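The structure presented is a predicted model; accordingly, all values stated were derived computationally and were not measured.
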Amino acid sequence: MNILKMSKVQKSFGRNHVLKDISLEVNKGEVVSIIGPSGSGKSTLLRCATLLETMDGGTLSYMGDNVCELKNGKMEYAKNLNKFRKCFGLVFQSFNLFPHWSVVKNVTDAPISVLKRDPEEVKAEAMELLRKMGLEDKAEAYPSQLSGGQKQRVSIVRALAMKPEILFFDEPTSALDPELTGEVLKVIKQLAEESMTMVIVTHEMSFARAVSDRVIFMDGGVIVEQGRPEDLFGDTKEDRTKQFLQHYQNL
């Protein structure tokens with residue numbers, strides 16, 4: 001079943017044509033990693049998928065329902081976008097936690113205020129998620145008291161607390177040093193083992209190889225190549241992909 005479908009997506013900033021006819025489908029339980037050089041359009045694609053940017057052309061749908069499409073030369077978005085926002089969670093590279101809220105309030109606020117769920121039930125679920133991430137002793141701490149790796153794990157818990165159909169990660173380890181990177185990647189790997197549907201923009205090639213069902217290589221606003229990790233990393237068809245992967249000696 002398609003959780004996400006993007007077809008012929010176009011996006012420009014001024015004269016800079018960032019996404020050129022990108023089409024992407026993600027099925028339930030699938031882990032898709034998107035790799036490629038800086039400026040290839042990876043993060044813009046995620047921002048279009050999560051409604052942080054408006055598309056200039058193409059279609060976007062969640063669970064078979066259209067979010068937007070081109071009509072009479074104009075992009076038209078559905079009136080009730082909140083319905084679609086509940087389908088996904090987004091984990092940013094810069095954490096985006098509220099500094100004046102405790103960890104548990106950062107995690108529970110949206111399920112209570114947006115989804116109108118029972119506060120006691122939400123708090124119990126939040127504490128269980130924090131325990132699972134090794135953070136239950138940090139529930140009353142504030143973001144300034146956490147390491148970078150702990151902050152990123154809290155932001156993953158916050159996304160999971162909304163019970164999304166799909167989780168998006170935009171370079172979740174780029175702001176972390178190597179030691180902390182490992183603890184965050186371990187959490188994402190655990191979610192993959194639990195069949196969480198995920199799209200991960202990452203520069204961690206060995207991680208993408210280990211955790212993904214499919215890897216997409218983007219460059220210049222297009223999908224150059226995609227396939228199973230063993231095929232893309234082990235039997236690359238495109239010269240541009242080969243050139244990119246040669247920079248990573250750990251493969």
Tell me whether [X] contacts the main-chain N or O of [Y] through its side chain, where contact means a donor paired with an acceptor under 3.5 Å.
X: Asp56; Y: Ser12; answer: yes
X: Lys20; Y: Gln10; answer: no
X: Glu76; Y: Lys71; answer: no
X: Ser61; Y: Gly64; answer: no

Are [X] and [Y] close enough that some pair of their side-chain heavy atoms sits under 4.5 Å apart?
X: Val103; Y: Gln145; result: no
X: Val157; Y: Asn106; result: no
X: Leu160; Y: Leu167; result: yes
X: Asn2; Y: Val26; result: no

Open item on the list: If the condition is ring-ring contact (aromatic ring centres under 6.0 Å, His included), which residues does Phe98 pass it with, not counting sequence neighbours?
Closed with: Trp101
TODO: Report the residues that fulfil ring-ring contact (aromatic ring centres under 6.0 Å, His included) with Phe169, sequence neighbours left out, ordered by chain and then residue number.
DONE: none
Open item on the list: Under the criterion side-chain contact (heavy atoms from CB on, under 4.5 Å), I'd like the reasoning laid out for Asp21 against Val222: C-alpha separation, chi angles, the key distance, then a yes or no.
Closed with: CA-CA 7 Å; Asp21 265 350; Val222 300; over 6 Å; no
Open item on the list: Taking side-chain contact (heavy atoms from CB on, under 4.5 Å) as the criterion, tell me which of Asp219, Thr236, Ile216 meets it with Glu225.
Closed with: Thr236
TODO: Report the relative orientation of the aromatic rings in Phe244 and Phe217; use parallel for angles under 30°, tilted for 30 to 60°, perpendicular for over 60°.
DONE: tilted
TODO: Classify the angle between the aromatic ring planes of Tyr62 and Phe84 as parallel (below 30°), tilted (30 to 60°) or perpendicular (above 60°).
DONE: tilted
Open item on the list: One pair to check against side-chain contact (heavy atoms from CB on, under 4.5 Å): Phe207 and Lys186. What are the steps and the verdict?
Closed with: CA-CA 9 Å; Phe207 171 72; Lys186 184 178 173 188; over 6 Å; no
TODO: Count the heavy atoms belonging to other residues, nucleotides or ligands that lie under 6.0 Å from NZ of Lys242, then report whether that count exceeds 12.
DONE: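 Count over threshold, so yes.
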